[in-house]
Peer 1: 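Here it is: the structure, laid out below.
Everything numeric in this text was worked out from a predicted model, so none of it was measured. In each ligand, atom 1 is the first atom listed, and ligand 1 is the first ligand listed. This chain uses plain numbering: 1 for the first residue, then up along the sequence. Worth knowing before you read on, the calculation uses all heavy atoms, side chains too, and leaves out hydrogens, waters and symmetry mates.
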Amino acid sequence: MRIVVVPDTAAMGKRAADLVEKEMGKHVNPVIGLATGSTPLPLYKELIRRNREGGLDFSTTITFNLDEYVGLPTDHSESYRRFMNENLFDHINIVPGNTHVPNGMADDVEAECENYERMIADCGGIDLQVLGIGGNGHIGFNEPGSSLGSLTRIKTLTEKTRQDNARFFDSIDDVPRYAITMGIGTIIAARKCILLASGEGKADAIKDACEGPLTAMCPASVLQLHRYATLIVTEDAAGKLTLPVED
Ligand code: PGA
């Protein structure tokens, strides 16, 4: 596990964009796993800038998002499909058909989950997966207690996650109770993972993920097993780490 500490979210976005750009340069059809939430926004801003000003080409890139709420239409203001379109896809030269977000409105959710896994496999697997981390250590919507070998499936959101995400909805009652998420097994099958974290509110989760035991109670701790996992964390999010880190 490589831990890089950066002064602020802009630096976090640039360091992450460097890794994404480098990975994209290695493949004819790069397959990049993406995340939603407020944390990756500086990365997406930087990728848009590099696409527009630096010639970073997404025309052959394929993306797979980690998760989607169940029951929100794609045009709902809080659907992750809409989030991705508005914060990244609509601003870069990616082919819309090459972007994948689980369909939270599927009639047969189980078939949707199996199909998502199949599509990832058909593209040759994920070259680089971008991750955020929940205050409870979740990755994607793999809440504490999730099987470390799990694949894409439906999960019930914990009260903590629903409260954390209530800020984006009119009230907590409007926050969906279920989501489709890549499993922890899906995530660690990616050939490289980068996890981003910013803010003091993530300091405990980052400490548990990096220095705690490998446990399903902190799903991000599974990255301790991964050969190519890089954490890019701001100083405040790294505030509770005790072992030496890079900068
Ligand atoms: P955040 O969410 O980036 O909005 O903090 C991260 C997550 O829950 O995975």
Peer 1: Is a side-chain donor or acceptor of S221 paired with a backbone partner of A209 at a separation under 3.5 angstrom?
Peer 2: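 No, the answer is negative, given that no donor and acceptor are paired below the 3.5 Å cut-off.
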
Peer 1: Examine F58 together with F89 and report whether their ring centres are nearer than 6.0 Å.
Peer 2: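 Not close enough - the centres of the two rings lie 6.0 Å or further apart.
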
Peer 1: Distance only, no hydrogens: is a donor on one side chain within 3.5 Å (strictly under) of an acceptor on the other, for T186 and R153?
Peer 2: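 No, because no side-chain N or O of T186 sits under 3.5 Å from a partner of the opposite role on R153.
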
Peer 1: In the protein, what heavy atom is nearest to atom 8 (O) of ligand 1, and what distance, to one decimal place, separates them?
Peer 2: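 So the nearest neighbour among protein heavy atoms is H138 NE2, 2.7 Å.
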
Peer 1: For ligand 1, which atoms, with element, lie under 4.0 Å from some heavy atom of G37?
Peer 2: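 Per the distance check, 3 (O), 4 (O).
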
Peer 1: Taking 4.0 Å as the limit for heavy-atom contacts, which would you say applies to T161 with ligand 1: side chain only, backbone only, both, or neither?
Peer 2: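 It is neither part, as no heavy atom is under 4.0 Å.
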
Peer 1: Going by atom types only, do R82 and N87 share a side-chain donor-acceptor pair under 3.5 Å?
Peer 2: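 There is no such pair (donor and acceptor under 3.5 Å, judged by atom type) between the side chains of R82 and N87.
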
Peer 1: Give the numbers and elements of all ligand 1 atoms closer than 4.0 Å to a heavy atom of K202.
Peer 2: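 Here the atoms of ligand 1 in question are 1 (P), 5 (O), 6 (C).
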
Peer 1: Applying side-chain hydrogen bond (donor to acceptor under 3.5 Å, both in side chains), can you list everything that pairs with T230, at least two apart in sequence or on another chain?
Peer 2: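 side-chain hydrogen bond (donor to acceptor under 3.5 Å, both in side chains) list for T230, sorted by chain: empty.
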
Peer 1: Measure from atom 6 (C) of ligand 1 to every heavy atom in I133, N165, L131 and give the option owning the shortest one.
Peer 2: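 Nearest heavy atom to atom 6 (C) of ligand 1 lies in I133.
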
Peer 1: Is a side-chain N or O of H100 found less than 3.5 angstrom from the main chain of T63, in a donor-acceptor match?
Peer 2: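 Such a contact is found between H100 side chain and T63 backbone.
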
Peer 1: Can you sort out which atoms of ligand 1 are near T39, meaning under 4.0 Å from one of its heavy atoms?
Peer 2: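 By the 4.0 Å cutoff, the relevant atoms are 1 (P), 3 (O), 5 (O).
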
Peer 1: Looking at R167, which atoms of ligand 1 are within less than 4.0 Å of one of its heavy atoms?
Peer 2: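 It comes down to these atoms of ligand 1: 4 (O).
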
